[in-house]
**Student:** 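First, the structure itself, so that you have it in front of you.
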Amino acid sequence: LGVDIFFVISGYVITLSLTDRKSKNFWNLIVGFYKKRLKRLAPALIFFIFVISIFYCLIDPNPISTLKTGQLSLIGLSNFYLTSISTDYFAQSTQLNAFTHTWSLSVEWQFYIIFPFLIWFSGYGRDKEKGPKNLLTIIFILSFLSIISFIFIYQTNESVAYFFMPTRFWEIGTGCMLFIGINKNFSFLKRLENISANFVVISLVATLFLPQTYFITSSIIVVLLTSVLIICLTKGDKAYLIFTNKKIIFVGIISYSLY
């Protein structure tokens with residue numbers, strides 16, 4: 001569920017990033033986007049995979065599965081491999097695999113492959129008048145299909161529903177739509193600003209303790225609460241003071257490397 005929160009925030013931030021990098025040239029938009037993503041994500045990942053792979057070769061008599069996960073994470077495909085060897089994230093086959101958590105990064109990479117194209121062809125990346133509306137419509141349709149797929153596929157194949165980008169798209173898409181809605185001052189979102197951020201944080205933490213049998217419900221609740229928190233987190237709340245504390249911000253800045 002922590003990753004669900006991360007996906008919503010990621011969708012919001014990546015839309016903000018591309019909003020600030022609008023271009024009249026498709027090639028400049030794409031190259032600029034991928035260059036920034038590689039610079040942000042690749043160095044820490046490469047270093048981590050290299051060091052831990054050497055360590056595993058020294059202590060694990062059979063490191064093949066771990067090494068393969070690490071190798072595939074470098075090209076954004078570790079989630080596919082993990083799906084093929086385990087039933088879920090906490091399965092016995094993944095417990096000694098130091099690279100299991102890279103599945104979420106692979107989902108991000110796969111999302112990055114298509115998102116700049118959605119930005120450009122919707123007109124949003126070219127600052128077209130109907131660009132925000134077009135992008136919102138496209139993301140909404142894809143997110144709707146994604147969450148339906150997530151709910152139904154989870155009933156028969158938990159691993160696919162958990163690890164695959166198409167079944168996780170709705171979470172990142174929610175963050176994207178949220179940014180567009182806030183940027184365009186949607187009235188129904190402004191009403192949510194009056195909700196207590198402290199209450200939302202408490203509700204968010206409480207949801208994390210729901211039994212795993214409620215995974216689908218928990219995921220949906222967490223995504224909605226994260227969205228509301230982004231909207232209503234304003235000065236005056238204790239939650240705002242906590243999240244804007246310099247030490248907390250520092251942890252946020254280095255959170256990717258820590259992860």
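Values reported hereafter were calculated over all heavy atoms of this structure, with side chains retained and with hydrogens, waters and symmetry mates removed.
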**Student:** Is there a chain of hydrophobic side chains (I, L, V, M, F, W, Y, each step under 4.5 Å between heavy atoms) that links I242 to V251?
**Tutor:** no
**Student:** Judged by modelled atom types alone, do S104 and Y259 share a side-chain donor-acceptor pair under 3.5 Å?
**Tutor:** yes
**Student:** Atom CD of residue position Q155 - does it have more than 12 heavy atoms of other residues, nucleotides or ligands inside 6.0 Å?
**Tutor:** yes
**Student:** Just wondering, are more than 12 heavy atoms of other shown residues or ligands nearer than 6.0 Å to CZ in F186?
**Tutor:** yes
**Student:** Is the closest side-chain heavy-atom distance between N194 and C232 below 4.5 Å?
**Tutor:** no
**Student:** Look at the aromatic rings of F150 and Y154 and report parallel, tilted or perpendicular, splitting at 30° and 60°.
**Tutor:** tilted
**Student:** Atom CG of L145 and atom CD1 of I147: how far apart are they, to the nearest 0.5 Å?
**Tutor:** 11.0 Å
**Student:** Strictly by modelled atom types, are S78 and S106 linked by a side-chain donor-acceptor pair under 3.5 Å?
**Tutor:** yes
**Student:** Does some side-chain heavy atom of W103 sit less than 4.5 Å from a side-chain heavy atom of Y81?
**Tutor:** no
**Student:** With hydrophobic residues grouped by side-chain heavy-atom distances under 4.5 Å, do I139 and F188 end up in a single group?
**Tutor:** yes
**Student:** For the residue pair Y112 and F33, categorise the inter-ring angle as parallel (less than 30°), tilted (30 to 60°) or perpendicular (more than 60°).
**Tutor:** perpendicular
**Student:** Does anything in residues 163-190 form a side-chain hydrogen bond (donor to acceptor under 3.5 Å, both in side chains)? List the pairs, not counting sequence neighbours.
**Tutor:** D4-R168, R168-E171
**Student:** Under 3.5 Å, side chain of S255 to main-chain N/O of G252, donor-acceptor pair present?
**Tutor:** yes
**Student:** So if you build clusters from Ile, Leu, Val, Met, Phe, Trp, Tyr with side-chain heavy-atom gaps below 4.5 Å, do L18 and Y34 land together?
**Tutor:** yes
**Student:** Could you check if a side-chain atom of F164 sits within less than 4.5 angstrom of a side-chain atom of T83, using non-hydrogen atoms only?
**Tutor:** yes
**Student:** Can you find a side-chain donor-acceptor pair between E108 and S10 that sits under 3.5 Å?
**Tutor:** yes
**Student:** Is any side-chain heavy atom of Y56 closer than 4.5 Å to one of I52?
**Tutor:** yes
**Student:** Indicate if I14 and Y256 have the same hydrophobic cluster label, given that clusters are the connected sets of ILVMFWY residues with side-chain heavy-atom separations under 4.5 angstrom.
**Tutor:** yes
**Student:** Under 6.0 Å from the CZ atom of F121, do we count more than 12 heavy atoms belonging to anything else shown?
**Tutor:** yes
**Student:** Hey, mind stepping through F111 and F7 against ring-ring contact (aromatic ring centres under 6.0 Å, His included) and telling me if it holds?
**Tutor:** CA-CA 11 Å; F111 178 81; F7 280 152; 8.9 Å; no
**Student:** Rounded to the nearest 0.5 Å, how far apart are CD1 of I30 and NZ of K35?
**Tutor:** 15.0 Å
**Student:** Surrounding CZ of F144 (heavy atoms of other residues, nucleotides or ligands, distance under 6.0 Å), is the total greater than 12?
**Tutor:** no
**Student:** Can V222 be reached from I216 by stepping across I, L, V, M, F, W or Y side chains whose heavy atoms are under 4.5 Å apart?
**Tutor:** yes
